[in-house]
Protein chains: 2
Amino acid sequence: MPRIVDHAERRREIVVAVWAIVARRGFEGVTLRAVAAEAGISVGRVQHYYSSRTELVRDGCRRMLEEARAGFAARTESLPPLERLRALVHRAVPTTPEWALGTIVWQAYQAKSVDDVAIAGMVTDAHTAAVQQAAGFIDDARRDGTLPDGDDPAALALRLLATSEGYAARVIAGSLDADDALRALDRDIDALRG
Amino acid sequence: MPRIVDHAERRREIVVAVWAIVARRGFEGVTLRAVAAEAGISVGRVQHYYSSRTELVRDGCRRMLEEARAGFAARTESLPPLERLRALVHRAVPTTPEWALGTIVWQAYQAKSVDDVAIAGMVTDAHTAAVQQAAGFIDDARRDGTLPDGDDPAALALRLLATSEGYAARVIAGSLDADDALRALDRDIDALRG
DNA sequence: ACCATGGCAATACACTTGCACTGTAAAAAC
DNA sequence: GTTTTTACAGTGCAAGTGTATTGCCATGGT
């Protein structure tokens, strides 16, 4: 075995280029040549790590979800349940240009679910996982007395996340200010106190 | 001037084909040949009515918004304000396959805002128009006593619509049942009563 | 020292793409 | 009847597409 390189790292470089292109030009712009140019590598290298364009696009979704999951866990593991809930609900709203890239790409992948069953599966899994996680935070907050008892945690979690994503879509489109969205979401979270 | 045909009708036929393709394969699938085949016409005809692919895609957005607006007005003009609000909030959630086509295409256009400023403009205009309309319904319902006074109508309207669109995205992705979404939205609307 | 193999770059290929450019039929205008 | 303009259908083309193939270089194992 010659010349050992970090496969995961190489794939990540390529996938980051995919994200950048999706954010700027959508999936229509994701051609092998465009990806190679964006990453500053050759088309051959892209092909070496991905056997087809479809697989590349799918791995882009997989890695985005995985990084989001890991990043969220790392950022919030030491926070109290209610603050973790807040972070989870805020997450969809892009406050910085770099973060906007992530949320735009995520919205693009959601839209792409219609013609790629593999991506659709990842999207629905992410949806249900997020709801369960948020519901768990509500449960935890109730257990430690931060929140009073009330409606079904899963229903509340779903509503908060849906609202957040609705705001996010408008922030991305430019018809809503990110800070206004966060403030509105905070009001909804505070309302859980009854 | 020879052979008079209804331009608006011809364009609509073409645009309907665009919608069908977007719903099935996304904008990547919208090629002049695919559109012509879907509409059962020749590529030449498509070119006769649209000078470029970009213009065709944009007109698809324009007509979708216009038809949605007119259809909503016609369906709800004789309803009381609160019911008009309910209809507006329910609108994003697809309950039938045909209606799902519309909402999927709308989500696709929202995602496409990132690389087409003309579409981005139409999307933001539609957003603000919907909020204003919903806020107006809340105002009307308060004036006639159906709803008590409360928070800022525009903020409430924005929240309801955002939540609705968040649910809609999940219904489209397949991670939420349409009826559950409608019930949840009704609960939010009923909560306006205080 | 050898060489097999992984890690690419480069090229080739069949195909698709948007669009321009023809040609033509038919009907309104005169 | 002639002319003129609209409404297309068909064809052609240069550019771009995903992918298969080829070749080369560096490096690990022996």
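A, B, ... follow the sequence lines: proteins, then strands. Residue 1 opens every chain. If you're wondering where the values come from, they're calculated on a predicted model, not measured in any experiment.
Between A:His127 and A:Trp106, the two ring planes are perpendicular [angle over 60°; tilted spans 30° to 60°]. Taking the six-membered ring where the residue is Trp, B:His7 and B:Tyr49 present perpendicular rings, their angle passing 60° and hence far from 30°.
Computed from coordinates, the B:Leu32 CG to D:dA9 C1' distance equals 15 Å when rounded to whole Å. Atoms NE2 (B:His48) and C1' (C:dG18) sit 18 Å apart, rounded to a whole Å. Taking atom CD of residue B:Glu55 and atom P of nucleotide C:dC19, one finds them 10 Å apart after rounding to whole Å. A straight line from CZ of B:Arg45 to P of D:dT6 spans 17 Å, rounded to a whole angstrom. Counting to the nearest Å, the C1' atom of C:dG7 and the CD1 atom of A:Ile41 are 12 Å from each other. Between the CD1 atom of B:Ile14 and the C1' atom of D:dA7 there is a distance of 12 Å, given to the nearest Å. Counting to the nearest Å, the C1' atom of C:dT17 and the CZ atom of B:Arg53 are 10 Å from each other. Atoms CG (B:Asp6) and P (D:dA7) sit 11 Å apart, rounded to a whole Å.
Residue order along DNA chain D, read from the 5' end via each residue's closest nucleotide, puts A:Glu28 first among A:Glu28 and A:Gln47. With DNA chain D read from its 5' end, the first of the two nearest nucleotides for B:Gly44 and A:Thr31 is the one closest to B:Gly44.
The closest side-chain heavy-atom distance from B:Val93 to B:Thr103 is not below 4.5 Å. Within the 4.5 Å cutoff, the side chain of B:Phe72 has heavy atoms near those of the B:Gln133 side chain.
What you find for A:Arg63 and A:Ala8 is that their closest heavy atoms are NH1-O, 3.7 Å.
Across all strands, B:Arg33 comes closer than 4.0 Å to base atoms (heavy-atom distances). Nucleic acid contact for A:Ser51: none, since no nucleic acid atom lies under 4.0 Å from a heavy atom of the residue. Note on B:Val46: nothing from the nucleic acid sits closer than 4.0 angstrom, heavy atoms only. A:Tyr50 comes within 4.0 angstrom of nothing in the nucleic acid, heavy atoms only.
Not one side-chain nitrogen or oxygen of B:His7 sits closer than 4.0 Å to the OP1 or OP2 atom of D:dT6.
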